[in-house]
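Have a look at the structure below, then the notes.
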Amino acid sequence: MREFIQDSARHFLPSDVYICNGSSEEQKELADLLVQNGTFIALNQDKRPGSFLARSDPDDVARIEKRTFICSNKQEDAGPSNNCKDPVEMKAHLKSLFHGCMKGRRMYVIPFCMGPKDSQAAKIGIQITDSPYVAYSMTIMTKVSHEFLDKPFIPCIHSVGRPLEAGEKDSPWPCNKEKWIVHFPETREIWSYGSGYGGNALLGKKCLALRIASVLGRDEGWMAEHMLILALSNPQGVKRYVAAAFPSACGKTNLALVKSCLSGWKVECVGDDIAWLHVGEDGALYAINPENGFFGVAPGTSDGSNPNAMEMIKKNTIFTNVALTEDGDVWWEGMTKEPPSGTIIDWKGNIWDRKELAAHPNSRFTVAVKQCPILDSHYDDPKGVRIDAIIFGGRRAFDVPLVLEADNWTHGVFFGANLSSEKTAAAEGSVGDIRRDPFAMLPFCGYHMGDYFQHWLDMGKKIHPNYLPKIYQVNWFRKSKDGGYLWPGFSENVRILRWIFERIGSDCKAISTPIGKIPEISAFEGLEISKEALDELFFVGHAAEKKNLLDAKKYFSTLEPRTPMELKQELDRLEKNL
Ligand code: GTP
Ligand code: SPV
Ligand code: MN
């Protein structure tokens, strides 16, 4: 650890070095500094105590997948879905790029723990960064303490890539046009350069807890997944835990915090973005949330759609790239039907013309889990929570039904492997294009996707058959011909959770289709929805399914020779069913 810190300082040449301890005094000092630097604007303390607005550089607003690399010793181990470069060459390149990159800045050392700190499943990282915004965010998103300094750790090196010459004026959001988010899966190292935003810079999140952790999971027999974890209790007080994977900005945080529309049915939250899944001594599958906070999408969040999130972000929250109201509060599209009156400053810091978006579509709130009003009592249980069902979901305007149940684990893995979704603003690129995003892990799997599919199949064999979670696929986003959503979503999604809960109990019936099982009409009793809308929501078109089958075949062939045999057999089974 000492060597790592000293080497970093010698090489990156910061003006000084500070080791974070995660205390509230330290958070206060960081916040004061950020306000002084102009990175933070303190919000109206009567309306949002302890809360701040940050505006990023307009070119640093989301994850950048083009600039994300998995540098395996052998290119084929990274697989066709990852950018890969030779690790020796890449390391040499990064070393020269990072030389002197922290001149004129303080170097923060952040010892952090992902997961319940007494859990065998937890992992320690040490992040080096020259960004106080990142340091502050890390104290919310992870557990930071000096006690993690003398343990084995995953090194995470980050710089905004903008050294300051003596007397040079800093900008509120320093960053560099050139960006690198680089992972070395064999040596378990992370280097990130040029961006200060979200998953590019808070290295505990996607870089450690997904890309590196997925590799650790493969090697050690567990799974790191892009999943929320929630608890659903029925009116009798029986509680079951569910994990659900949706691609970025496709509904994880909203489902994890959902307020139930069904009386007597209660949802509680364990995590909203990442799950680490282990087989326990009893042979069941257990999940922990490695994170300590939420980094949630702001637009669309309102008292109507997500009252629990609105409650959670009333205080001690960082808002990044949202709009600022005249009374020193925040606003974003969808928060209220009408924007507030008075002058509004948009996310770029200009007076809002009320035409362009006031908040960036990937604007976010950063807040500690302990502020979650429906936090589950086991959220920090070192053993994790037992998972009874797994859901895969995407954002699909057409062709994909509201919910499907898999016939068995292998069929469920087939669902995950075939997950496709419309692209969102969470990553740079064109929004709306449909792409394959297997298991919602396309941008986050640190190794070959074919091996990853095989790992899922192998994990199914390690779980005791009595505890094998049932697997589902959902789509809240199907649209009618006139362009509106067919399904009300949000709190009504609990109906689907209830069906899943009752299916686990197994005395609730389902209807078979060629592609999976669907609920009977009784699941929708009491919901104001037309018969036509329900029919459309569950319509399984033969032509569309044939096309899906061909696409899946084509996709699986791109993973050869690592496409698992069992998934190819699922293709045959589907073809017969169709
Ligand atoms: P990441 O943090 O990027 O991983 O996103 P996420 O998967 O947590 O997605 P999130 O819950 O933040 O939702 C993203 C967007 O989808 C928000 O604008 C939500 O308002 C919207 N959304 C979420 N759930 C639903 C739903 O059930 N129906 C509809 N129509 N929109 C939804
Ligand atoms: C995602 O893109 O899935 C996010 C946002 O959760 S970020 O942390 O930036 O990756
Ligand atoms: Mn996410």
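Ligands are counted one by one from 1 in listed order, and the atoms in each one are counted from 1 as well. These numbers were taken from a predicted model, which means no experiment stands behind them. Values below: every heavy atom of this structure, side chains too, minus hydrogens, waters and symmetry copies.
The pair Arg435-Glu65 meets the salt-bridge criterion, since a charged nitrogen lies less than 4.0 angstrom from a carboxylate oxygen. Here Glu428 does not pair with Arg63 in a salt bridge; the nearest charged N to carboxylate O distance is not below 4.0 Å. The pair Asp273-Lys252 meets the salt-bridge criterion, since a charged nitrogen lies less than 4.0 angstrom from a carboxylate oxygen.
Between Gly489 and ligand 1, no pair of N/O atoms sits closer than 3.5 Å. The shortest N or O to N or O distance between Phe444 and ligand 2 is not under 3.5 Å. Looking at Tyr485 next to ligand 1, no N or O pair under 3.5 Å apart turns up. For Lys206, a nitrogen or oxygen atom sits less than 3.5 Å from a nitrogen or oxygen atom of ligand 2, counting backbone and side chain alike. Annotation: Lys252 places no N or O atom under 3.5 Å from an N or O atom of ligand 2; distance criterion only.
Contact annotation: for Cys250 versus ligand 1, heavy atoms closer than 4.0 Å belong to the backbone alone. Under 4.0 angstrom from ligand 2, the non-hydrogen atoms of Phe295 all belong to its side chain. Within the 4.0 Å heavy-atom criterion, the part of Asn493 lying near ligand 1 is the side chain and not the backbone. Proximity of Lys479 to ligand 1, defined as any heavy-atom pair under 4.0 Å, is not found for any part of the residue.
Using a 4.0 angstrom heavy-atom cutoff, Arg364 counts as in contact with ligand 2. Using 4.0 Å as the threshold, Phe477 has a heavy atom nearer than that to some atom of ligand 1. Within the 4.0 Å heavy-atom cutoff, Pro488 does not count among the residues contacting ligand 1.
Shown in contact with Gly300 at under 4.0 Å from a heavy atom are these atoms of ligand 1, numbered in order with element: 20 (O). Below 4.0 Å from some heavy atom of Arg395 lie the following atoms of ligand 1, by number and element: 15 (C), 16 (O). Close contacts of ligand 1 with Asn254, meaning ligand atoms under 4.0 Å from a residue heavy atom, involve 10 (P), 11 (O), 12 (O), 13 (O), 19 (C), 23 (C), 24 (N).
Trp331 and Trp347 have their aromatic ring centers separated by at least 6.0 angstrom.
Considering only residues two or more places apart in sequence or on other chains, Leu375 meets the side-chain contact (heavy atoms from CB on, under 4.5 Å) condition with Val369, Cys372, Tyr379. In this view, Lys470 and Glu405 satisfy the salt bridge (charged side-chain N to carboxylate O under 4.0 Å, His left out) rule, not counting sequence neighbours.
In this structure, Lys85 is not positioned above the aromatic face of Phe69 in the sense of NZ or CZ being under 6.0 Å from the six-membered ring centre and within 45° of the axis.
Applying salt bridge (Lys or Arg N to Asp or Glu O under 4.0 Å) to Glu291 and the options Lys143, Lys205, Lys123 leaves one that passes, Lys205.
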